[in-house]
Structures are given as C-alpha cells and as structure tokens.
Amino acid sequence: MASYYYLISSLPLLKTQGEPPLDYAAFLSMCRSAVSGSVYKTLEELTVNSGKGSLLSEWSAFYLRLSSELAYQRNIKLGRPCAVPYERDANIVQTVTAAVNAENPLEGEQLLLDLEFRRLDDMIGLHIFDEHALYGYAMKLRLLERQRSFSHDRGKQAFDSLMDGIRQQISSL
C-alpha cells in the first residue's frame, strides 16, 4: 500500500477533453513494480465492462444501467419496441436523452464520457492512495482510449459510404 502513494501521485491528471497524457501500456508499466501481482493482472485485463475488484463491481452496476438506458432510448428513437429498463437512474436518463438527441454523435459521446467520469469520481470519493483510486484511474484511462478511437474523418467517410449506397439503391428503383 505504501507504494501507491508515489504511484498515484505521479499519475497525470485525466480530462474528458483532449488527448490522454499517457496510453494504457505506459500506465501498466508504471504499475508493474508498484502493485501486487493480482492487482496488476486485474489492471491488465481491465475493460469498460469489468466488474471484478474494489470499485469495479460498483462501476459494473452503473455501466450496466447506462448501457441498458442507451439501448432502450436508441430502440425507441428507431421505433422499435423495447422494454423499459428495470432500474433507472434520473441522471443517466437525462444524460442519455441528451446524448441520443445530440446532432453530432461525437457530442453525444462526450456527454456520456463526462457522466462516466463524474460517476467514477463519486465512486472514488475519499479513496486517494489505494486500489479503489487506482482502479478508478485505470477505468478513466480505458474510457479515454475508447473515446480516442472515434474519428470524425472515419465517421464521415463511413456515413458518406452509407449515403452513396442508399443513393444507388434509390436511383435503381
């Protein structure tokens, strides 16, 4: 535990805007000598869906509610029948509604990322130099990596390709 003081205080601040200050591989290399083998293995295998470990079980429950609400609202928007999620959180509902209705999908993703960071901050709470804080930081870094994988240019290219296919189908009618 004493080694967490140096490790956590040496980690750069993570923000939802801009590029992450380090990638996950660099983070793992910083952790290798400072954490136990089991903690390192958990960090190594960490995904946004992970639920094993302190903080991560609470995160998993939140992420499941968020995913359920996203699926529900996307289906409703597409006119598909869908059962209302069993457990709804007003903050999640409000953020997902804004994200689903955002004109720009990247803006919607940014709203979701902001919510996820706020929730992780709430979950970390006063845990500053322990596994709880370390797992929260790791999850934020994973979320940033996911966000960074979104590209405006690739998205526009995919959209244009879909539109070209639709135009060809319409013109062949």
Side-chain angles (χ1 to χ4, degrees), residues 1-74 84-102 104-150:
M1 170 83 160
S3 61
Y4 287 3
Y5 291 109
Y6 176 76
L7 172 63
I8 292 175
S9 63
S10 66
L11 294 171
L13 179 66
L14 298 178
K15 301 177 193 174
T16 60
Q17 302 287 332
E19 289 292 311
L22 76 161
D23 64 8
Y24 203 77
F27 168 72
L28 282 177
S29 71
M30 292 175 75
C31 293
R32 182 176 296 280
S33 63
V35 301
S36 70
S38 64
V39 170
Y40 186 80
K41 183 171 175 53
T42 301
L43 290 170
E44 212 173 24
E45 297 171 352
L46 188 77
T47 68
V48 295
N49 297 313
S50 293
K52 178 187 159 205
S54 63
L55 176 113
L56 298 178
S57 57
E58 186 180 355
W59 166 259
S60 180
F62 162 77
Y63 198 72
L64 179 62
R65 287 192 308 273
L66 177 63
S67 299
S68 296
E69 188 63 37
L70 269 168
Y72 170 71
Q73 288 198 32
R74 285 176 177 157
V84 177
Y86 176 72
E87 190 176 338
R88 296 180 88 186
D89 174 298
N91 200 10
I92 291 174
V93 171
Q94 180 182 10
T95 303
V96 168
T97 300
V100 167
N101 293 315
N104 180 337
L106 286 176
E107 289 173 14
E109 287 295 330
Q110 186 63 46
L111 292 170
L112 295 173
L113 183 64
D114 290 339
L115 172 68
E116 292 163 337
F117 263 53
R118 283 192 311 273
R119 192 57 63 102
L120 280 165
D121 286 339
D122 290 345
M123 290 175 189
I124 293 168
L126 297 176
H127 294 268
I128 300 172
F129 298 111
D130 61 7
E131 288 174 10
H132 213 76
L134 190 62
Y135 288 146
Y137 187 92
M139 188 60 70
K140 285 181 177 182
L141 198 51
R142 282 293 196 204
L143 290 167
L144 287 172
E145 279 188 337
R146 180 182 172 277
Q147 185 84 356
R148 189 174 48 183
S149 72
F150 300 144

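In this structure Thr47 satisfies the side-chain hydrogen bond (donor to acceptor under 3.5 Å, both in side chains) test together with Ser50, sequence neighbours excluded. Among residues two or more places apart in sequence or in another chain, the side-chain contact (heavy atoms from CB on, under 4.5 Å) test is passed with Glu145 by Asp23, Tyr24, Arg142, Arg148. With sequence neighbours excluded, the residues that form a side-chain contact (heavy atoms from CB on, under 4.5 Å) with Thr42 are Lys52, Leu56, Tyr135. Scanning for side-chain hydrogen bond (donor to acceptor under 3.5 Å, both in side chains) contacts around Ser38 gives Ser36, with sequence neighbours left out. Remark: Glu44 engages Leu28, Tyr40 in a side-chain contact (heavy atoms from CB on, under 4.5 Å) (not counting sequence neighbours). In terms of the side-chain hydrogen bond (donor to acceptor under 3.5 Å, both in side chains) criterion, residue partners of Gln73 (sequence neighbours excluded) are, by chain and number, Glu69, Thr97. Every residue was checked against the side-chain contact (heavy atoms from CB on, under 4.5 Å) condition with Pro105, not counting sequence neighbours, and none meets it. In this structure Phe117 satisfies the ring pair (Phe, Tyr, Trp, His ring centres under 6.0 Å) test with no other residue, sequence neighbours excluded. Here Ser57 pairs with nothing under the side-chain hydrogen bond (donor to acceptor under 3.5 Å, both in side chains) rule; sequence neighbours left out.
When all heavy atoms of Gln147 and Leu106 are compared, the pair lying nearest together is NE2-O, 4.5 Å.
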* Intermediate values then yes/no, ring pair (Phe, Tyr, Trp, His ring centres under 6.0 Å), Tyr5 and Phe129 -> CA-CA 5 Å; Tyr5 291 109; Phe129 298 111; 4.9 Å; yes

Residues 118-126, side-chain donor-acceptor partners within the protein, below 3.5 Å, at least two apart:
unit_1	atom_1	unit_2	atom_2	d
Arg119	NH2	Asp89	OD2	3.4
Asp121	OD1	Lys140	NZ	2.3

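Judged as a salt bridge (Lys or Arg N to Asp or Glu O under 4.0 Å), the pairs with a partner in residues 25-43 (not counting sequence neighbours) are, in order, Lys41-Glu45.
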